[in-house]
Amino acid sequence: MDIDTGITQEVLTIKSEIKLIDIFNKIIDRKAQACFEYIENLNLNPNVGITVIGTYFTGVGIVKKLSEKYTNITLIDIYPHLEELLYTNIGGKLKNEVKFSSDLNLIYDGDIVIDTTGFGGINVEQSAKFDVDAFLIEDPVAEDNDELLKNKNNIHDRLNVVKSANKSIIKTKGINTKTSGTMTLTIGVLTNVLNKISKKDGVLYSACEMGFFEEVIFKEKDIDKFIDLTDKKAVKVSTINPFDLDELILEEIDKIESKMI
């Protein structure tokens, strides 16, 4: 644990060893591992065509995990600059080459299709054209605790019209967030940690390094800046009584589960 003096010698500043990018990656890995195990159980040829639709952030993690074994993977996203995420540490390391395209006509070329586009993504009409060996879709809703988001969610309609012998939903939840997005879950982890810290005796205040990174990624389109911003220790605390920050962060992350339903 990183400990330094604060304003005076009596008050200490403690910092987590865990960085923001570590939290992102631990959450992404849960989703990617669930997909990898599902596809593994289908016992398909390693050269089977796999198409992943949507990069941010589930998609990039899934293709990196699948690249450990599979060699014919295409990642499709309407934002061309998101290809840069393949060559960062977000979602782990790329083991085999992955093809990237912004051509939505290519979404029908795979034998396995994984739709991570969530709200406002691939629609029902597009979904009805899929005739594939397996179709996986990420549920953008986590806990069903928001009626408006629940009613907006059309993944079941999309899944129902797909022609496939193997259909499944990637469901991620655990810390009472409204949605299952990696950004939402990361903020949920940090919020819960800060709330726990505030109740500890001897704590003056605490803060996290989290910003509104969507603007950096989708407005500024600056992936390098995003990576720099996430390469920072996630939580800092001013306290007269040091404690293990990383343990608190890991406790929250461990509550998150991702499984195929």
Side-chain angles (χ1 to χ4, degrees), residues 16-41 52 54-66 89-92 114-119 121 136-156 158-159 167-200 206 208-214 230 233-235 237 243-261:
S16 65
E17 293 296 335
I18 293 174
K19 297 181 178 182
L20 287 175
I21 194 168
D22 299 326
I23 300 176
F24 282 121
N25 283 344
K26 287 179 185 298
I27 294 168
I28 293 168
D29 186 64
R30 277 167 165 70
K31 300 177 181 184
Q33 186 63 36
C35 288
F36 184 85
E37 291 175 2
Y38 181 91
I39 292 173
E40 279 285 87
N41 288 333
V52 179
T55 303
Y56 170 84
F57 283 121
T58 306
V60 74
I62 289 173
V63 299
K64 287 183 177 182
K65 175 65 71 173
L66 290 173
N89 288 330
I90 287 288
I114 304 171
D115 179 1
T116 74
T117 57
F119 297 118
L136 283 62
I137 191 166
E138 182 176 26
D139 190 345
V141 169
E143 310 283 351
D144 291 330
N145 52 13
D146 185 303
E147 200 64 26
L148 288 178
L149 291 173
K150 183 179 179 180
N151 292 336
K152 180 74 172 177
N153 189 11
N154 70 349
I155 65 154
H156 293 94
R158 284 148 68 179
L159 195 63
K167 296 191 282 188
S168 192
I169 296 170
I170 310 162
K171 184 72 173 179
T172 308
K173 60 180 184 176
I175 56 172
N176 202 35
T177 56
K178 291 185 177 184
T179 69
S180 64
T182 301
M183 195 69 79
T184 302
L185 289 166
T186 299
I187 293 173
V189 166
L190 293 170
T191 300
N192 292 351
V193 167
L194 292 179
N195 286 336
K196 284 183 177 180
I197 291 170
S198 68
K199 297 173 184 176
K200 284 186 169 291
S206 60
C208 66
E209 292 293 337
M210 192 73 187
F212 198 76
F213 296 143
E214 272 188 22
T230 59
K233 296 187 175 186
V235 180
V237 181
F243 54 91
D244 192 336
L245 274 175
D246 292 320
E247 183 178 320
L248 287 181
I249 296 170
L250 291 173
E251 281 177 3
E252 288 303 307
I253 295 173
D254 285 345
K255 294 176 185 177
I256 299 170
E257 65 168 2
S258 191
K259 60 182 181 180
M260 311 304 295
I261 62 173

Less than 4.5 Å apart, side chain to side chain, heavy atoms only: is that true for Lys178 and Thr184?
no
Can you see which heavy atom on Asp246 is nearest to which on Ile18, and at what distance?
OD1-N, 2.9 Å
Just by modelled atom types, is the Ala234 backbone N or O under 3.5 Å from a matching donor or acceptor in the Ser16 side chain?
yes
Show the numbers, then the answer: is there a salt bridge (charged side-chain N to carboxylate O under 4.0 Å, His left out) between Lys171 and Asp139?
CA-CA 6 Å; Lys171 184 72 173 179; Asp139 190 345; 3.0 Å; yes
Min side-chain heavy-atom separation Asp22-Ile249 under 4.5 Å
no
Result of checking Val193, Asn195, Leu245, Val237 against Ser206 for side chain to side chain contact (heavy atoms under 4.5 Å, CB included):
Val237
Which one of Thr58, Thr117, Thr116 satisfies the side chain to side chain donor-acceptor pair (under 3.5 Å) criterion with Glu138?
Thr58
Between Thr182 and Lys31, is there a side-chain heavy-atom distance shorter than 4.5 Å?
yes
Atom pair CD1 (Ile137) and CE (Met260), whose distance is rounded to the nearest 0.5 Å:
10.5 Å
Point-to-point distance, once rounded to the nearest 0.5 Å, from NZ of Lys26 to CD1 of Ile23
9.5 Å
Please examine the side chains of Ile170 and Ile62, heavy atoms only from C-beta on, and report whether any two atoms are closer than 4.5 Å.
yes
Thr230 and Lys19, any side-chain heavy atoms less than 4.5 Å apart:
no
Using every non-hydrogen atom in the two residues, find where Ile175 and Glu143 come nearest and quote the distance to one decimal.
N-OE2, 3.6 Å
Between the side chain of Lys64 and the main-chain N/O of Gly91, is any donor-acceptor distance below 3.5 Å?
no
Where Thr179 and Phe119 come nearest, the two heavy atoms and their spacing
CG2-CE1, 4.2 Å
Within this structure, what is the CG-CG distance for the pair Leu20 and Leu190, rounded to the nearest 0.5 Å?
6.5 Å
Would Glu40 and Leu66 count as a side chain to side chain contact (heavy atoms under 4.5 Å, CB included) if you check the C-alpha gap in whole Å, the side-chain angles of each, and the deciding distance to 0.1 Å?
CA-CA 10 Å; Glu40 279 285 87; Leu66 290 173; over 6 Å; no
Would you say Lys65 and Glu37 make side-chain contact, with heavy atoms under 4.5 Å?
no
The side-chain contact (heavy atoms from CB on, under 4.5 Å) partners of Leu148 (sequence neighbours excluded) come to Asp146
Could you state the interatomic distance from CZ (Phe213) to CZ (Phe57), rounded to the nearest 0.5 Å?
9.0 Å
Rounded distance [0.5 Å steps], CD1 in Ile169 versus CD1 in Ile155
4.0 Å
Taken to the nearest 0.5 Å, the spacing of Ile28 CD1 from Ile21 CD1 works out to 8.5 Å
With side chains defined as the heavy atoms from C-beta onward, is the minimum distance between Asp144 and Lys173 less than 4.5 Å?
no
Please report the C-alpha distance between Ile114 and Ile39 in whole Å, then the side-chain angles of each, then the deciding distance to 0.1 Å, and finally whether the side chain to side chain contact (heavy atoms under 4.5 Å, CB included) criterion is met.
CA-CA 10 Å; Ile114 304 171; Ile39 292 173; 3.8 Å; yes
What's the shortest heavy-atom distance between Glu209 and Lys233, and which atoms?
CG-O, 3.1 Å
Which pair of non-hydrogen atoms, one from Thr177 and one from Asn145, has the smallest distance, and what is that distance?
O-ND2, 3.4 Å
More than 12 heavy atoms from other groups under 6.0 Å of NZ on Lys259
no
Can you see which heavy atom on Leu185 is nearest to which on Ser180, and at what distance?
CD1-O, 3.3 Å
Short question: side chain of Asp29, backbone of Asn25 - any donor-acceptor pair under 3.5 Å?
no
Is there a side-chain contact between Val189 and Glu251 (heavy atoms, below 4.5 Å)?
no
